[in-house]
> 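Following this message is one structure expressed as structure tokens.
Just so we're on the same page: letters track the sequence lines, and every chain starts at 1. Worth saying up front: this structure is predicted, and the values here are computed from it rather than measured.
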Number of protein chains: 2
Amino acid sequence: MPNSKPVTMDAVYTAPGYLFRRMQQIAVALFIEECKAFDLTPVQYAALIAISTHPGIDATRLSAVIAFDRSTLGNVIERLEAKEFIARKPAPEDRRVKLLYLTKAGAAVLDEIMPSVDKAQARMLQPLKPADRKALLALLTQLVDLNNEASRVPLRAEDALEHLGRSG
Amino acid sequence: MPNSKPVTMDAVYTAPGYLFRRMQQIAVALFIEECKAFDLTPVQYAALIAISTHPGIDATRLSAVIAFDRSTLGNVIERLEAKEFIARKPAPEDRRVKLLYLTKAGAAVLDEIMPSVDKAQARMLQPLKPADRKALLALLTQLVDLNNEASRVPLRAEDALEHLGRSG
DNA sequence: ATTTAATTGACAGTATACTGACAATATGGC
DNA sequence: GCCATATTGTCAGTATACTGTCAATTAAAT
């Protein structure tokens with residue numbers, strides 16, 4: 001027998017899913033506001049960092065390193081290439097693969113945007129007391145890690161990729 | 001002088017913004033998985049609940065009640081109307097406004113989907129210890145509330161709308 | 001009453017996200 | 001070497017999200 005209690009908006013407001021969605025909206029808004037001088041979205045920023053850390057990575061592996069959908073990532077890469085923050089070069093030993101590299105402009109924008117990114121990240125948690133910020137961050141880190149397999153593209157960090165090579 | 005420390009992926013993985021994005025992805029994936037029998041997205045579910053709680057609400061006020069962008073909401077309403085879960089009727093006293101009502105099918109699907117939604121919401125926090133779930137939910141609720149004005153469409157709950165009428 | 005403001009729903013444009021499919025290419029078993 | 005299989009990038013389709021704009025309509029100012 002289905003539910004028959006009176007439905008109130010609390011069914012929405014207190015649901016973790018709603019709170020995560022809301023916090024994501026807020027987080028993106030703060031990032032965009034702090035970084036508007038740089039023409040970089042949060043997703044593009046994360047992709048740039050990953051390419052900077054893994055020069056010559058390909059799109060599939062990049063998607064695993066930042067846990068983005070591969071289809072989505074294609075468009076992100078296109079935009080980063082259009083802005084000339086990255087360059088794509090065909091892989092010599094595999095003609096399917098295109099390797100990703102930071103351009104000088106890309107490296108420069110990463111260097112310059114850092115303080116604004118830090119400011120945005122700080123603002124997201126600012127309303128909480130310092131101890132609560134730490135607690136929330138710890139719980140969130142734990143939860144994201146433990147739920148890793150629940151999303152379409154689980155995070156596969158750098159270590160998991162090293163011996164992944166072409167076979168795995 | 002900009003940053004010059006070596007950049008690692010921790011700049012991404014430990015950032016609250018990244019964790020919120022990741023948790024949102026996971027939350028949506030779990031919702032869709034649990035509720036795939038009902039052809040309702042998390043956003044559509046929240047809109048349905050709000051229309052159920054506020055019969056005859058208009059799109060602008062609905063966007064305030066669930067903190068969704070008005071532009072986005074237009075498409076959501078269209079889809080809910082196409083599925084015949086809601087009906088739109090012109091307001092007699094204001095020819096710009098279209099009022100939103102649940103259909104019988106809409107009320108039925110809301111009634112039936114509840115257990116699956118609850119299951120999805122529970123799964124999001126399941127990996128944590130019960131005490132940690134409570135703590136995270138409390139901190140998140142607090143943070144979303146305190147950051148309310150940071151997003152484009154701040155939440156204006158029902159009380160704030162009652163005496164808002166046509167002049168606010 | 002007439003001009004000015006604001007509100008409403010709609011639209012175009014951009015940017016994530018996911019599903020499912022595809023051709024080109026590479027790898028494995030045999 | 002050949003064939004089944006897997007991988008890679010890409011694309012089409014759907015669904016949030018946000019920015020900015022617009023015409024129609026209403027409300028406010030005077």
Side-chain angles (χ1 to χ4, degrees), chain A residues 17 20-22 24-33 36 39-47 57-64 66-83 88 90-91 93-100 150-153 164-168, chain B residues 17 20-22 24-33 36 39-47 57-64 66-83 88 90-91 93-100 150-153 164-168:
Chain A
F20 289 132
R21 169 184 308 277
R22 199 81 187 87
Q24 224 268 314
Q25 284 177 350
I26 291 164
V28 172
L30 291 174
F31 185 103
I32 297 293
E33 188 182 324
K36 59 173 174 283
D39 189 29
L40 267 192
T41 67
V43 167
Q44 290 167 14
Y45 164 77
I57 196 173
D58 63 274
T60 296
R61 251 149 286 280
L62 178 59
S63 94
I66 49 183
F68 288 172
D69 187 84
R70 224 179 30 159
S71 297
T72 304
L73 198 56
N75 303 322
V76 176
I77 287 172
E78 245 176 47
R79 281 172 218 122
L80 285 174
E81 204 181 10
K83 293 177 192 173
R88 265 195 283 199
E93 79 296 356
D94 187 337
R95 280 193 295 172
R96 295 170 304 181
V97 174
K98 294 177 184 175
L99 307 179
L100 303 171
S151 64
R152 184 193 189 187
V153 185
L164 211 158
R166 199 132 288 9
S167 62
Chain B
F20 289 131
R21 167 183 310 276
R22 198 85 185 85
Q24 224 270 313
Q25 284 177 351
I26 291 164
V28 172
L30 291 175
F31 186 104
I32 296 293
E33 190 183 324
K36 58 173 174 286
D39 189 29
L40 267 192
T41 66
V43 166
Q44 290 166 13
Y45 163 76
I57 196 172
D58 62 275
T60 297
R61 250 149 286 278
L62 178 59
S63 93
I66 50 184
F68 288 174
D69 187 85
R70 226 177 28 158
S71 296
T72 305
L73 198 56
N75 303 323
V76 176
I77 287 173
E78 245 175 48
R79 280 171 219 122
L80 286 175
E81 204 182 9
K83 293 176 192 171
R88 266 194 285 198
E93 76 299 355
D94 187 337
R95 283 192 292 174
R96 294 169 304 182
V97 174
K98 294 177 183 174
L99 305 179
L100 304 172
S151 64
R152 185 193 187 186
V153 186
L164 213 157
R166 198 134 287 14
S167 63

> Between A/Thr41 and B/Thr60, who's closer to the 5' end of DNA chain C by nearest nucleotide?
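Between the two, 5'-proximity favours B/Thr60.
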> What is the distance, rounded to the nearest whole Å, between atom CG of B/Leu62 and atom C1' of C/dA10?
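Rounded to whole Å, this separation is 16 Å.
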> With a 4.5 Å cut-off on side-chain heavy atoms, are A/Leu100 and A/Arg88 touching?
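Yes - at least one pair of side-chain heavy atoms lies under 4.5 Å apart.
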> Does the structure show a Watson-Crick or G-U wobble partner for C/dC30, both distances under 3.5 Å? Name it, or say none.
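Matched C/dC30 with D/dG1 under the 3.5 Å cut-off.
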> With syn defined as a glycosidic angle within 90° of 0 and anti as the rest, where does C/dA5 land?
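Syn conformation here, the glycosidic angle of C/dA5 being no more than 90° from 0.
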> A/Asp69 CG to C/dC18 P: how many Å, rounded?
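The distance from CG of A/Asp69 to P of C/dC18 comes to 5 Å, rounded to the nearest Å.
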> Would you say the side chain of B/Lys98 lies within less than 4.5 Å of the side chain of B/Asp58, judging by non-hydrogen atoms?
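The answer is no, as the side chains (C-beta and beyond) never meet within the 4.5 Å cut-off.
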> Does the side chain of B/Leu80 come within less than 4.5 Å of B/Leu40's, by heavy atoms?
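With C-beta onward as the side chain, the pair touches.
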> Without decimals, in angstroms, what is the distance between B/Phe31 CZ and C/dC18 C1'?
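From B/Phe31 CZ to C/dC18 C1': 15 Å.
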> Quick check for you: among D/dT8, C/dC11, D/dT16, whose closest atom lies nearest to any side-chain atom of B/Ser71?
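Out of D/dT8, C/dC11, D/dT16, the nucleotide with an atom closest to B/Ser71's side chain is C/dC11.
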> For the pair made of CD in A/Gln25 and P in D/dT16, what is the distance, rounded to whole Å?
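Computing the A/Gln25:CD to D/dT16:P distance gives 12 Å.
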> Looking at A/Arg88, I'd like to know whether one of its side-chain N or O atoms comes within less than 4.0 Å of OP1 or OP2 on D/dT10.
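True: A/Arg88 side-chain N/O within range (under 4.0 Å) of D/dT10 OP1/OP2.
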> For A/Lys83 and C/dA15, give me the distance from atom NZ to atom P, rounded to whole Å.
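That distance rounds to 6 Å.
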> Mind calculating the distance between CD (B/Gln44) and P (D/dA15) to the nearest angstrom?
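The answer, rounded to whole Å, is 7 Å.
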> Taking side chain as C-beta onward, heavy atoms only, is B/Ile66 less than 4.5 Å from B/Val43?
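SC-SC contact between B/Ile66 and B/Val43 ruled out.
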> Using 0.5 Å steps for rounding, measure from the CG atom of A/Leu73 to the CG atom of A/Leu62.
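That separation rounds to 4.5 Å.
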> Considering only C/dA26, D/dG9, C/dT8, which nucleotide approaches the side chain of A/Val97 most closely?
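From the listed options, D/dG9 comes nearest.
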> Between B/Arg70 and B/Asn75, who's closer to the 5' end of DNA chain D by nearest nucleotide?
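Whichever sits nearer the 5' end wins; that is B/Asn75.
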> Between A/Leu99 and B/Arg79, which is nearer to the 5' end of DNA chain D once each is assigned its nearest nucleotide?
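The residue closer to the strand's 5' end, by nearest nucleotide, is A/Leu99.
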> So, under a plain 3.5 Å distance rule, would you say the side chain of B/Arg95 forms a donor-acceptor pair with the base of D/dT25?
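It does not, because no donor-acceptor pair links the side chain of B/Arg95 to the base of D/dT25 below 3.5 Å.
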> Nearest 0.5 Å, please: how far is NZ in B/Lys83 from CD in B/Glu78?
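Result: 12.5 Å between the selected atoms.
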> Tell me which nucleotide among C/dG20, D/dT8, D/dC18 gets nearest to the side chain of A/Asp58.
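Closest of the options to the side chain of A/Asp58: D/dT8.
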> Using whole Å, what does the distance between atom P of nucleotide C/dT14 and atom CD1 of A/Ile32 come to?
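In whole Å, C/dT14 P and A/Ile32 CD1 are 16 Å from each other.
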> Using purine N1 to pyrimidine N3 plus N6-O4 or O6-N4 for Watson-Crick, or N1-O2 and O6-N3 for G-U wobble, both under 3.5 Å, which nucleotide pairs with C/dA5?
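The answer is none; no pair meets the criterion.
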> Measure CD1/B/Ile26 against P/C/dC18 and give the value in whole Å, please.
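The answer, rounded to whole Å, is 10 Å.
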> Establish whether the base of D/dT26 is bridged to the side chain of B/Arg96 by a donor-acceptor pair shorter than 3.5 Å.
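Side chain to base: no pair present.
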> With a 4.0 Å cut-off on heavy atoms, is A/Val76 in touch with a base, just the backbone sugar-phosphate, or nothing at all?
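Sugar-phosphate, no base atom in range.
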